[in-house]
Amino acid sequence: MSDKRLATIAVRTGIDSDSQYHAVVPPIYLTSTYSFPAFGEVPQYDYSRSGNPTRNTLADALSELEGGAGGVVTSCGTAAMNLLVTALLGPDDLIVAPHDCYGGTYRLFNTRANKGDFKVEFVDQSDQEALAAALAKKPKLIWVETPSNPLVRVVDITVMCQQAKEVGCLVAVDNTFLSPLLQQPIALGADFVVHSTTKYLNGHSDVVGGVLISKDADIAENIAWWANCIGATGAPFDAYLTLRGLRTLAPRMRMHEENGVAVLEYLQHQAMVGTIYHPSLPSHPGHDIAKRQQKGFGSMMSFEFAGSQAQLEVFVKELKLFSLAESLGGTESLIAHPSSMTHRAMSDEAQVEAGISTSLLRLSVGLEDPLDLVADLDQAFHLAAEAH
Ligand SMILES: *Cc1c(COP(=O)(O)O)cnc(C)c1O
C-alpha cells in the first residue's frame, strides 16, 4: 500500500525501476520465456503466461489504485469475469447478478449456468425485496455493476456488501464505468473489483484488456494460480500500452466529466430527447447514492430518442464526431444503440426486463472540444427532425 494519492500512483507506476540502464520509463519485456540461472534454480519469472514484469507492473498499479491485495491482468474484461467464476464457483454455487448488466456479462453467466457450471439468478438489485429473496438462497457471489450499462443505474455498494456479509456471500464489483479515481469498491466493502481495461483505464481504444483485483492476499494468490492454469493472462504489449494510458487517467477523467456536463446541458433542452439517464440528474434513480459513493458522476449517459426509428437512424448517420461503435471510455466520442449492438446477445424479453428499449442511445463522451460536440449533436438533431 502506498501513501500517495491516486493521480500520483497512476503517473509514477514503474518509473525509475530499471536497475540496468536507469531508464525513467520502465522497459517492455516481450519475452515468452526466461533463462534459468542454473540447473534446478527456478528464477522469479520462468514463462510469460505465469508471470511477466510488464504485466505485473500494471497489475500492481491497478491493485494499488483499487486498494486491493493483488490483481491479475487478463486478456480482456470478460476473461477477468470468467477467471473469477471459474476460481470461485462449483456446480451447486449460486451467483446473483443484476438483470441490467453488461450484455457480455449476461451471456457469460447465463451460458455457463445453462451448462451446469454454476447457478445464476438475474435480479433488479435496486428492488430490496427481490434482492432479499435472492440473498435468502445463500449465494456464493453477488455481482454488482454500478453505474450499470447502459442505463447507468446506481446501487449502494456499502449496503449490498453488508447484506452479503450477513449470509456469508462474497461481492464483486464491475468498476469499468468510473475507474478507481471515481469509485473505490473495496473501501466500500467489496471483495473483488473487475475492470474492462479496454475502456477508461487504457483510455485510447487501442487495447482489449481486463483486470481482476482481490481484497484478500490469499485469495489473490489462488486466483493468480487459476489465471495461469486456464491461460487467462494478458499480453505484455497490451500491458505496456495500458500502463501508458493509465498515466493520464486523472486528467482524462476530469475532462471526460467536463465534456459530459456540456453534452448533458445541451440534451436537456432538446425536443427529440426523452428521458435522459445520468447519475448527476436529481431525477435519476440512485442520484443520492451516487453523490455519496462516487467521487464524480462519470461521462457515460443514455437517452431515449423521441422520434421515429427512421429519424433515429438519420440522427446517428449524420453525427460526425460521435462514431457509431461499441465500447466506451476512449479519447474519441462514441454513440451506441444498445438494443442492436452491445446488448443484442440478450433476448427481446430480457432487454424489456432490463429496460433497454429500441429508442435508447448511449453516449461515451470523449475529449474533443465540447463546443464541437454540442454543435455536432445539434446539426444531427435538425436533420433528423426534417426526416420522416
Ligand atoms: C466492456 C465491458 C466488459 C467486458 O470487457 P471486455 O474487455 O470487452 O471483455 C465488462 N463490463 C463492462 C461494464 C464493460 O463495459
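We count ligands from 1, going down the list as the structure has it; atoms in each ligand are counted the same way.
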> Atom CZ in Arg254, atom CG in Asn259: separation rounded to 0.5 Å?
Replying inline: 13.0 Å

> With the threshold set at 4.0 Å, does a side-chain nitrogen-carboxylate oxygen contact exist between Glu326 and Arg344?
Replying inline: yes

>> Under 6.0 Å between ring centres: does that hold for Tyr106 and Phe122?
In response: yes

> Can you name the salt bridge (charged side-chain N to carboxylate O under 4.0 Å, His left out) partners of Lys165, sequence neighbours left out?
Replying inline: Asp191

>> Could you work out, with side-chain hydrogen bond (donor to acceptor under 3.5 Å, both in side chains) as the rule, every residue matching Ser280, not counting sequence neighbours?
In response: His278

Starting from the N and O atoms of ligand 1, find every protein N or O within less than 3.5 Å and list the pair with its distance.
{"residue": "ligand 1", "atom": "5 (O)", "partner": "Ser196", "partner atom": "OG", "Å": "3.1"}
{"residue": "ligand 1", "atom": "7 (O)", "partner": "Gly77", "partner atom": "N", "Å": "2.9"}
{"residue": "ligand 1", "atom": "7 (O)", "partner": "Ser196", "partner atom": "OG", "Å": "2.8"}
{"residue": "ligand 1", "atom": "7 (O)", "partner": "Thr198", "partner atom": "OG1", "Å": "2.8"}
{"residue": "ligand 1", "atom": "9 (O)", "partner": "Gly77", "partner atom": "N", "Å": "3.2"}
{"residue": "ligand 1", "atom": "9 (O)", "partner": "Thr78", "partner atom": "N", "Å": "2.8"}
{"residue": "ligand 1", "atom": "9 (O)", "partner": "Thr78", "partner atom": "OG1", "Å": "2.6"}
{"residue": "ligand 1", "atom": "11 (N)", "partner": "Asp174", "partner atom": "OD2", "Å": "2.7"}
{"residue": "ligand 1", "atom": "15 (O)", "partner": "Lys199", "partner atom": "NZ", "Å": "2.8"}

Can you give the donor-acceptor pairs under 3.5 Å from side chains of residues 333-340 to other protein atoms, not counting sequence neighbours?
{"residue": "Ser333", "atom": "OG", "partner": "Gly366", "partner atom": "N", "Å": "2.7"}
{"residue": "Ser333", "atom": "OG", "partner": "Glu368", "partner atom": "OE1", "Å": "2.7"}
{"residue": "His337", "atom": "ND1", "partner": "Ser340", "partner atom": "OG", "Å": "2.7"}
{"residue": "His337", "atom": "NE2", "partner": "Thr358", "partner atom": "O", "Å": "2.6"}
{"residue": "Ser339", "atom": "OG", "partner": "Gln351", "partner atom": "OE1", "Å": "3.2"}

